[in-house]
Amino acid sequence: MTYQIQFTKGVLRQLKKLRLDVKERIEAKIQDLAIEPRPNGVKKLEDEDGLYRIRVGDYRVIYQILDDILLVSIVKVKHRREVYRDKN
């Protein structure tokens, strides 16, 4: 059972700004979410409904899992010092 990965427009802009090596590592982790959307080390965010986060080095990937339609929606990809500051 494989999940589809969906990116918001904001995430696509965030990924473009990253260095190539960092971007490749993050994209590899995101593709792994299609197979296992709740891997070891995943954290469910307390203040946000249905959002999870994974760590990729100093970066965080915030995403939502929609089990009923087998979809992982990537909401935010930012450096750890910035990811929780704003709601955008």
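Values in this document were obtained by computation on a predicted structure and should not be read as measured data. In this chain, residues are counted from 1 in sequence order.
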Q: About how many Å separate CD1 of Ile5 and CD1 of Ile30, when rounded to the nearest 0.5 Å?
A: 7.5 Å

Q: Applying side-chain contact (heavy atoms from CB on, under 4.5 Å) between Val61 and each of Val11, Val72, Ile26, report the one that passes.
A: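 For Val61, the side-chain contact (heavy atoms from CB on, under 4.5 Å) test succeeds with only one of Val11, Val72, Ile26, which is Ile26.
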
Q: Is it true that Val83 and Ile74 fall in one hydrophobic cluster, defined by side-chain heavy atoms closer than 4.5 Å?
A: no

Q: Please report the C-alpha distance between Ile65 and Tyr3 in whole Å, then the side-chain angles of each, then the deciding distance to 0.1 Å, and finally whether the side chain to side chain contact (heavy atoms under 4.5 Å, CB included) criterion is met.
A: CA-CA 9 Å; Ile65 303 169; Tyr3 285 69; 4.0 Å; yes

Q: Taking side-chain hydrogen bond (donor to acceptor under 3.5 Å, both in side chains) as the cut-off, I'd like each qualifying pair that reaches into residues 28-41, sequence neighbours left out, listed once.
A: Arg38-Asp67

Q: Hydrophobic clusters here meaning ILVMFWY residues chained together by side-chain heavy-atom distances under 4.5 Å, can you tell me if Leu15 and Ile62 are in one?
A: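 No, because Leu15 and Ile62 fall into different hydrophobic clusters, even though each may have its own neighbours under 4.5 Å.
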
Q: CG of Leu66 to CD of Gln4: how many Å apart, nearest 0.5 Å?
A: 11.5 Å

Q: In terms of hydrophobic clusters joined by side-chain contacts under 4.5 Å, are Leu12 and Tyr59 together?
A: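 In one cluster: yes.
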
Q: Enter the distance from Leu18:CG to Lys23:NZ here, rounded to the nearest 0.5 Å.
A: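 Atom-to-atom, Leu18:CG and Lys23:NZ are 8.0 Å apart.
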
Q: Test side chain to side chain contact (heavy atoms under 4.5 Å, CB included) on Tyr63 and Val42; report intermediate values, then the result.
A: CA-CA 10 Å; Tyr63 63 99; Val42 69; 3.1 Å; yes

Q: Once rounded to the nearest 0.5 Å, what's the spacing between atom OG of Ser73 and atom CG of Leu33?
A: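 Reported value, rounded in 0.5 Å steps: 11.5 Å.
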
Q: Using the rule that two of Ile, Leu, Val, Met, Phe, Trp, Tyr join whenever any of their side-chain heavy atoms come within less than 4.5 Å, decide whether Leu45 and Val77 are in one cluster.
A: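 Looking at the clustering, Val77 is in a separate group from Leu45.
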
Q: Say you draw a straight line from CZ of Phe7 to CD of Glu27; how long is it, rounded to the nearest 0.5 Å?
A: 6.5 Å

Q: So how far is it from Arg53 CZ to Lys44 NZ, rounded to the nearest 0.5 Å?
A: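 The distance works out to 13.5 Å.
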
